[in-house]
Amino acid sequence: MAVQARTIRRDDPAATQSPFARDVVAGLTARPKHVPPKYFYDQAGSELFERITELPEYYPTRCELAILRKHAADMARLIPPQSVLIEFGSGSSKKARMLLAAAPAIAAYAPVDISSEMLAQEAAQLRRDHPQLTIAPVDADFTQPFELPAAVAAMPRVGFFPGSTIGNFEPHEVSAFLRHVGRMLGEGAHLIVGVDLVKDARILNAAYEDAAGVTAKFNLNLLARINRELGGNFDLAAFSHQAFFNVERHRVEMHLASCKRQKVKVAGRVIDFRAGETIHTENSYKFTVESFGALARGSGWTPIASWFDSKRYFSVQALVFNKS
Ligand code: SAH
Ligand code: AVI
């Protein structure tokens, strides 16, 4: 069950001085208004994301699981003996479990996630399920430098970045991230990355605008989190979820649209909204194999293998790092 985050008074320093507070205030006082998508993932947000992965319209998780089911043994051949699998944005670790089962060369698993409660829960379960493995969770923002736990720091490293979470970065951020991961994993290391592919706009729109409204709840939870942690007073009923494929920019955009003219208090500030004005909360970029390959090559990585589901909706790609 969801553990409610501590509700913070508006005069509490955490409500005005944390990185979350600074990013939210900067984003809501900018034009257009925006908030980075990494803030979706408090405990409630992580639980809502898990519900999204089970929706009939949300094809990425099903497709990637099918690819892993079929090709995990091929991926396992890229993994050196006695290595640590480092997953960036591990969430439920469901996909890592499939690689762990197929790759006896993995001696340790280091899930890295910003969603602290979920990370701790999954690490505890993994220790019960895999007593022979070293489980070394890292509670960190993976866009920033972080230390690996000492128990795994000397092992050969393999990166795992499923879910197409890479699509939530802006193009210039992808390069910086891939270079940072390359430096961390080392020359010759492999990264196995899930990459969602461009497809018919109807399929993309449905995946982010599901009939049951779970994605809308996930999006609106950002406002609830701001209320809980930053002393905000957003009226969730006065904002609506919007999601659409932007064909020119190859991305699904998510926004929260203000249903009326209104003022909202956040972290000690008053934010004005015009009727219809939106907060841009997420981009989910979609790629072709070629466009992703070019991005990887431009960031020091060489694509060496790609695997697809039967409809070619999604891909898992293996890269090797060759430029530090
Ligand atoms: N890998 C899982 C989860 C994907 S959801 C899967 O494929 O199903 C994205 C995950 O990345 C979430 O668990 C979220 O908490 C985490 N995440 C997003 N931005 C992050 C960041 N900047 N640093 C660390 N974790 C992040
Ligand atoms: C985690 N990330 C890849 C998801 C995506 O599809 O961009 C987050 C998500 N947003 C809405 N639905 C799912």
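Atoms within each ligand, like the ligands themselves, are counted from 1 in listed order. Every heavy atom of this structure was used, including side-chain atoms; hydrogens, water molecules and symmetry mates were not.
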Verify whether one side chain among [X] and [Y] offers a donor that lies under 3.5 Å from an acceptor in the other.
X	Y	result
Tyr58	Asp210	no
Gln121	Gln125	no
Arg251	Asn168	no
Tyr285	Glu170	yes
Ser93	Lys95	no
Tyr59	Asp309	no
Ser115	Ser46	yes

Under 3.5 Å: N/O of [X] near N/O of ligand 1:
X	value
Thr165	no
Asp113	yes
Lys95	yes
Gly89	yes
Phe88	no
Ile114	yes
Ser92	no

Could you see if Met118 belongs to whatever hydrophobic cluster contains Ile135? Use Ile, Leu, Val, Met, Phe, Trp, Tyr and a side-chain cutoff under 4.5 Å.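 Unlinked, Met118 and Ile135 end up in two clusters.
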
Applying a heavy-atom cut-off of 4.0 Å, say which part of Ser93 lies close to ligand 1: side chain, backbone, both or neither.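 Looking at Ser93 and ligand 1, no heavy atom falls under 4.0 Å.
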
If we only consider heavy atoms of [X], is any one of them less than 4.0 Å away from an atom in ligand 1?
X	result
Ser46	no
Ala140	yes
Met118	no

Under 3.5 Å, N/O to N/O: give me all the pairs between ligand 2 and the protein, one per line with atom names and distance.
{"residue": "ligand 2", "atom": "2 (N)", "partner": "Asn168", "partner atom": "OD1", "Å": "2.9"}
{"residue": "ligand 2", "atom": "6 (O)", "partner": "Tyr58", "partner atom": "OH", "Å": "2.6"}
{"residue": "ligand 2", "atom": "6 (O)", "partner": "Tyr208", "partner atom": "OH", "Å": "2.6"}
{"residue": "ligand 2", "atom": "7 (O)", "partner": "Asn168", "partner atom": "ND2", "Å": "3.0"}
{"residue": "ligand 2", "atom": "7 (O)", "partner": "Ser284", "partner atom": "OG", "Å": "2.7"}
{"residue": "ligand 2", "atom": "10 (N)", "partner": "Glu282", "partner atom": "OE1", "Å": "2.7"}
{"residue": "ligand 2", "atom": "10 (N)", "partner": "Glu282", "partner atom": "OE2", "Å": "3.3"}

Tell me the protein heavy atom at minimum distance from atom 22 (N) of ligand 1, and give that distance in Å.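 Protein heavy atom with the smallest distance to atom 22 (N) of ligand 1: Asp141 OD1, 2.9 Å.
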
Supply the atom-to-atom distance Lys33 NZ to Leu28 CG, rounded to the nearest 0.5 angstrom.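 Here the interatomic distance stands at 7.0 Å.
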
Contact atoms of ligand 1, heavy-atom distance to [X] under 4.0 Å:
X	result
Gly163	7 (O)
Glu87	1 (N)
Ser115	15 (O)

Spell out, as yes or no, whether a donor-acceptor pair under 3.5 Å connects the side chain of [X] to the backbone of [Y].
X	Y	result
Asn219	Thr215	no
Arg62	Pro56	yes
Arg269	Val25	no

Can you check salt bridge (charged side-chain N to carboxylate O under 4.0 Å, His left out) on Asp129 and Arg97, steps first, answer last? CA-CA 10 Å; Asp129 297 344; Arg97 285 169 178 274; 2.8 Å; yes

Measuring from atom 21 (C) of ligand 1, which candidate in Phe40, Phe146, Phe142 has the nearest non-hydrogen atom?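 It is Phe142 that holds the nearest heavy atom.
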
